[in-house]
Amino acid sequence: MKQFNVTLAIAVLATFSLKFCDAQNISDTARKWWKEAIIYQLYPRSFKDSDGDGIGDLKGITSKLDYLRSLGITAIWLNPIYSSPNDDNGYDVSDYRSIMKDFGTMADFDSLLSGMHRRGIKLVMDLVVNHSSDEHEWFKQSRSSRSNPYRNYYHWWNAENGKPPYRFSLFDINHDAWKYDSLTNAYYLHYFSKKQPDLNWENPKLRSEVYDIMKFWSKKGIDGFRLDAFQFAAKDTTWPSFPVGFEKNFVKYYAMQGNIHGYLREMNEQVLSKFDVMSVAEGAGNSFEDAHNLVDANRHELEIAYAFDAVDIAKQGGYSLLHLKEVFSRWDSAFAESGWLSVFLANHDQARLVSRFGNDSEPFRTLSSKMLTTFIMTMRGTAFYYNGDELGMTNAGFKNISDYKDMPLLNEYQHQQALHTDLNVFLQKAAFESRDNSRTPFQWDASANSGFTSGTPWLKINSNYKTINVASQQKDPNSPLNYFRRITALRASNPVLVYGKYEILDKTNPDVYAYTRELNNTRWLILLNFRAVPSTYSIPFGIASGTLMSCNYTKASLNGQLRPYEASVYKLTK
Ligand code: NOJ
């Protein structure tokens with residue numbers, strides 16, 4: 001307790017005095033709220049249920065706004081909340097201007113938004129316009145006849161022309177992205193599930209409908225859009241055949257095709273530039289050039305790139321820290337002068353942060369989750385942090401297929417069943433990497449159903465909720481939750497952690513990630529041990545005279561050693 005107070009006092013004092021001197025030399029044009037934002041990703045279905053139907057909802061989120069405020073986050077990215085038949089938990093939108101019944105009403109949305117704004121929290125909405133639901137009115141019209149005015153809102157291939165060139169579908173049971181529809185004797189395209197037909201961005205009418213939708217939400221006062229799967233929105237509609245084996249490289253052959261940049265410039269001109277809204281692209285193509293083409297300020301397209309190279313590294317059986325360091329360093333250097341990146345290691349499509357990148361067995365769970373949090377909050381780029389990771393929530397690791405709810409996983413299970421592969425191997429893999437791992441209900445307290453719902457939760461609650469929950473962590477000054485609050489405060493008050501130049505130290509060290517961040521006269525050092533054993537490191541200067549700004553132990557180690565999963569952050573004397 002004593003150490004906690006001392007550390008906190010040091011951090012508060014130091015950050016207060018730095019707040020002003022650090023910020024001075026970053027030009028006003030370079031400083032942006034969305035660069036400095038700490039964006040908390042909130043999965044509404046699993047956050048808090050207010051009406052006992054077992055599904056999280058908007059009123060539930062509103063009831064927890066003070067909790068969210070207490071985290072020190074400055075923006076929330078809300079996964080889709082629009083009307084949807086929920087084939088893919090809201091990523092299949094049937095009406096872009098109304099709220100999903102399970103989540104509440106537009107009045108609930110308005111009060112959530114004003115409650116957030118009153119607390120200084122901005123709202124980033126998920127915009128799902130690579131595809132809609134097959135239950136959207138546009139698609140119902142489109143499939144009704146070949147001459148319907150909405151026919152060209154989607155991609156159709158008339159069956160009298162034979163089978164269309166094969167396209168891979170990520171979510172389809174047979175991985176076939178063309179679905180035959182006997183009503184008009186034609187195939188429609190769906191890169192995701194057959195209930196998620198791809199929209200035809202070549203059609204100016206469709207584009208203008210999307211811009212109107214964006215204006216509708218922007219006028220409501222939201223603060224940004226996260227563009228779901230947008231790198232796939234433009235297609236090469238000459239439909240060339242792809243080389244054999246291409247399906248393993250979905251991004252290479254399907255992303256950044258056609259006139260994607262033309263559409264983004266148009267979207268920017270018609271919507272993004274007219275409102276105070278930020279934009280983040282899900283996926284960043286195949287190269288740095290692709291990523292720069294999306295987000296360099298002078299191109300007037302989008303603002304933040306959200307690339308998967310780093311998050312994709314962790315596999316069942318581990319990952320190489322050297323690889324992780326190399327990826328983050330490469331991306332940082334490619335964006336040092338222009339463009340802007342996000343920093344994240346988890347989201348609703350990935351397994352849990354601590355289970356994948358850290359160590360979820362006690363006693364290392366808390367230490368490693370704080371270490372990973374330290375990493376995200378001390379790198380250059382906008383920090384994206386997934387709900388529940390502030391508690392060190394872990395993978396649920398379901399053993400039975402009947403526990404899973406995620407559509408692509410259930411489809412793939414059927415696919416593998418048909419191929420007669422070993423389903424035990426499939427289930428073991430799923431227990432580690434399934435998206436349901438990160439979607440289990442939020443763990444508020446040790447009461448029934450973790451305080452998430454008074455009804456039956458839509459997805460099983462992680463069995464560890466009695467020990468890992470907000471109520472117990474609130475009381476413990478050294479909990480991951482309280483650590484998270486301290487580190488967000490540190491980042492928010494020290495622009496060096498947002499804008500400062502990044503330099504990797506001890507590059508070939510396979511166990512320790514060491515780097516500095518430097519801005520004007522300020523230089524910080526971050527030391528992270530990614531191992532469950534003590535590790536050594538070597539840097540070209542001493543740290544004895546530096547000020548310890550944060551540590552996940554009661555005292556930092558000196559002399560080139562770090563304890564298991566130690567994370568120490570120093571402000572150095574120059
Ligand atoms: C990416 C989203 O993050 C994911 O959850 C969704 O299933 C696909 N896009 C399809 O919309």
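The residues of the chain are indexed from 1 along the displayed sequence. Read the numbers this way: they start at 1 and go in the same order the structure lists the ligands and their atoms. Just so it is clear, the model here is predicted, and its values are computed rather than measured.
Within 6.0 Å of the NZ atom in Lys252, the count of heavy atoms belonging to other residues, nucleotides or ligands does not exceed 12.
Applying the salt bridge (charged side-chain N to carboxylate O under 4.0 Å, His left out) test to Lys460 and every residue at least two apart in sequence or in another chain returns Asp403. Among residues two or more places apart in sequence or in another chain, the side-chain hydrogen bond (donor to acceptor under 3.5 Å, both in side chains) test is passed with His175 by Glu412. Partners of Asp360 under the salt bridge (charged side-chain N to carboxylate O under 4.0 Å, His left out) rule, at least two apart in sequence or in another chain, do not exist in this structure.
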Practice task
Run the numbers on Lys179 and Asp134 for salt bridge (charged side-chain N to carboxylate O under 4.0 Å, His left out), then give the verdict.
Solution key: CA-CA 12 Å; Lys179 162 102 176 105; Asp134 65 339; over 6 Å; no
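In this pair, His348 and Tyr91 present their aromatic rings parallel. The plane angle is below 30°, not in the 30 to 60° band.
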Note down each nitrogen or oxygen pair, ligand 1 side and protein side, whose separation is under 3.5 Å; give only atom names and the distance to 0.1 Å.
from	atom 1	to	atom 2	distance (Å)
ligand 1	3 (O)	Arg226	NH2	3.1
ligand 1	3 (O)	His348	NE2	2.8
ligand 1	3 (O)	Asp349	OD2	2.4
ligand 1	5 (O)	His348	NE2	2.9
ligand 1	5 (O)	Asp349	OD1	2.7
ligand 1	5 (O)	Asp349	OD2	3.4
ligand 1	5 (O)	Arg435	NH1	3.4
ligand 1	7 (O)	Asp88	OD1	3.4
ligand 1	7 (O)	Asp88	OD2	2.5
ligand 1	7 (O)	Arg435	NH1	3.1
ligand 1	9 (N)	Asp228	OD1	2.8
ligand 1	9 (N)	Asp228	OD2	3.3
ligand 1	11 (O)	His131	NE2	3.0
ligand 1	11 (O)	Asp228	OD2	2.8

